[in-house]
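To start, the structure itself, in structure tokens.
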Amino acid sequence: MTLSIQPIDPVSRPSFAAEVSGIDITRPLTADQVAAIERGMDQFAVLVFHDQRFDDDSQIAFSRNFGELEVASGDINWGKDRRIASPHVNDISNLTNDNEVMARDDRKRLFGLGNRLWHSDSSFKAVPAKYSLLSARVIPGAGGNTEFADMRAAYDALDADTKAEVEDLVCEHSQIYSRGILGFDDFTPEDLERFKPVQQRLVRRHPVTGRKSLFLASHAGAILGWPVPEARAFLRDLNEHATQRQFVYSHAWRQWDLVIWDNRTTMHRARPFDAKQVRDMHRTTVACERSTMAEAA
Ligand code: OGA
Ligand code: MN
């Protein structure tokens, strides 16, 4: 098997979203293979692998090649009984702890609907996510795509005045903001403490390629020094700009796909599907090394 990384749409998105073939990533990798995947991530920001039959242990082992893993403390039921044993696996499913499809008004489901808003994983944590790795264990018959937006291309396409305006801005991110957009406010006092806003730079520079990107997410609800309504109107415009179709790859899942994305340079969102069908995805998450506030400008 020879490892090959090919852009999914070489004509309209030659440097965003590629398919990787010729490798079984459920088994231990060589340093060269890990380096090749990292180079692919630096270039394409989203990599798709087909037919990778992970369980949680093998997914965790593969993910650790790329850095320290996060714990799933952004989940609404963190600290309570969970369906998935490992604290390093985010439960991105519509299943209860008894593996039944959740009721329409299930609190965990309603909280999880926040994934339908464009976001970057864990931007609400002081040290946000580097890579997310999402494994499709069970998929619905139709719908349920995940869309990815290229925030490097979105930054490049800003006009010079806007680039100058965003350069040094700092946003506050919290899941309280993103869930508030959908009208979800069913937080316990402990949730409110855990989800206190954190600061993130709005413009980031990739440590390897040097490319700049917009660090946006539905979690961003304020800009330091700005009146809130003006900040939200401005962020709304930026999000609208950044998620124009030419910047977006829509992934139609096959069972056993593993998709890795770079949260530093992309946003993503889930698309709807028939809520009576099972969709069971398991996510591992590699943390950044430091907060964006400590990153070089
Ligand atoms: C995630 C996420 C989108 C989806 O796993 O972080 O946002 O389509 N998933 O499930
Ligand atoms: Mn996500």
Side-chain angles (χ1 to χ4, degrees), residues 17 45-49 52 54 56 59-60 63 66 69-78 82-84 86-95 101-102 108-125 128-151 173-175 177-179 181-182 184 195 200 215-220 239 242-243 248-275 277-288:
V46 178
L47 292 180
V48 174
F49 301 75
Q52 306 290 340
F54 280 112
D56 288 347
Q59 184 175 341
I60 287 169
S63 304
F66 307 105
L69 299 192
E70 282 189 359
V71 293
S73 58
D75 282 4
I76 193 72
N77 62 345
W78 180 247
R82 301 176 75 233
R83 188 176 72 93
I84 294 178
S86 171
H88 295 296
V89 177
N90 279 82
D91 187 358
I92 312 293
S93 78
N94 59 349
L95 299 172
V101 172
M102 288 190 260
K108 182 165 175 282
R109 173 174 184 271
L110 300 180
F111 180 81
L113 288 177
N115 276 349
R116 292 214 196 147
L117 305 178
W118 287 107
H119 66 281
S120 175
D121 287 334
S122 301
S123 75
F124 53 83
K125 293 184 180 176
K130 180 181 157 194
Y131 295 165
S132 291
L133 304 95
L134 191 59
S135 164
R137 308 292 174 86
V138 181
I139 56 169
N145 280 16
T146 306
E147 295 183 341
F148 298 92
D150 185 347
M151 307 303 281
H173 292 237
S174 169
Q175 296 206 96
Y177 299 139
S178 49
R179 272 48 191 181
I181 294 170
L182 297 184
F184 180 98
F195 296 152
Q200 306 288 0
F215 192 47
L216 287 169
S218 54
H219 309 305
N239 275 291
T243 56
V248 172
Y249 163 64
S250 181
H251 184 67
W253 291 92
R254 302 182 205 163
Q255 192 183 25
W256 302 118
D257 280 353
L258 186 285
V259 177
I260 314 181
W261 62 88
D262 189 335
N263 287 290
R264 299 170 301 184
T265 55
T266 63
M267 282 202 292
H268 61 280
R269 66 172 178 178
R271 303 303 293 147
F273 61 97
D274 176 356
Q277 293 191 30
V278 176
R279 185 174 188 265
D280 186 7
M281 322 281 278
H282 291 212
R283 195 189 89 208
T284 40
T285 316
V286 177
C288 280

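Atoms within a ligand are numbered from 1 in the order they appear, just like the ligands themselves. Please read all numbers here as calculations on a predicted model, not as lab measurements.
Interface of D121 with ligand 1, defined as ligand atoms under 4.0 Å from a residue heavy atom, comprises 6 (O). Interface atoms of ligand 1 facing N115, defined by a heavy-atom separation under 4.0 Å, are 2 (C), 7 (O).
The shortest N or O to N or O distance between R269 and ligand 1 is not under 3.5 Å. Checked by distance only, ligand 1 and H268 come closer than 3.5 Å through their nitrogen or oxygen atoms. Polar contact with ligand 1: present for H119 (N/O pair, distance under 3.5 Å).
No hydrogens or angles considered: a donor-acceptor pair under 3.5 Å links the side chains of H219 and S178. Side chains of T285 and D121: no donor on one and acceptor on the other come within 3.5 Å.
Nearest N/O/S atom of D121 relative to the Mn ion (ligand 2): this is OD1.
Relative orientation of the Y249 and F148 rings is parallel, given thresholds of 30° and 60° on the angle between their planes.
Here the straight-line distance linking atom CH2 of W261 with atom OG of S120 works out to 10.0 Å at 0.5 Å rounding.
Take the Mn ion (ligand 2) as the corner point: the lines to NE2 of H268 and to NE2 of H119 open at 90°, to the nearest 10 degrees.
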Take V259 and T146 through the test side chain to side chain contact (heavy atoms under 4.5 Å, CB included) and record every step on the way to the result.
CA-CA 10 Å; V259 177; T146 306; over 6 Å; no

Dump the intermediate steps for side chain to side chain contact (heavy atoms under 4.5 Å, CB included) on H268 and H251, then the final yes or no.
CA-CA 10 Å; H268 61 280; H251 184 67; over 6 Å; no

What do the steps show when you test F273 against I139 for side chain to side chain contact (heavy atoms under 4.5 Å, CB included), and what is the final call?
CA-CA 10 Å; F273 61 97; I139 56 169; over 6 Å; no

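Salt-bridge check for D56 with R137: passed, with a basic side-chain N closer than 4.0 Å to an acidic carboxylate O.
In this structure, W261 counts as a contact residue of ligand 1, since one of its heavy atoms falls inside 4.0 Å of the ligand.
Looking at atom 6 (O) of ligand 1, its nearest protein heavy atom turns out to be R283 NH1, 2.7 Å. At the shortest separation from atom 8 (O) of ligand 1 among protein heavy atoms lies T146 OG1, 2.6 Å. When hydrogens are left out, the protein atom nearest atom 3 (C) of ligand 1 is A270 CB, 3.7 Å; that is the closest non-hydrogen contact. Among all protein heavy atoms, the one lying closest to atom 10 (O) of ligand 1 is R279 NH1, 2.8 Å.
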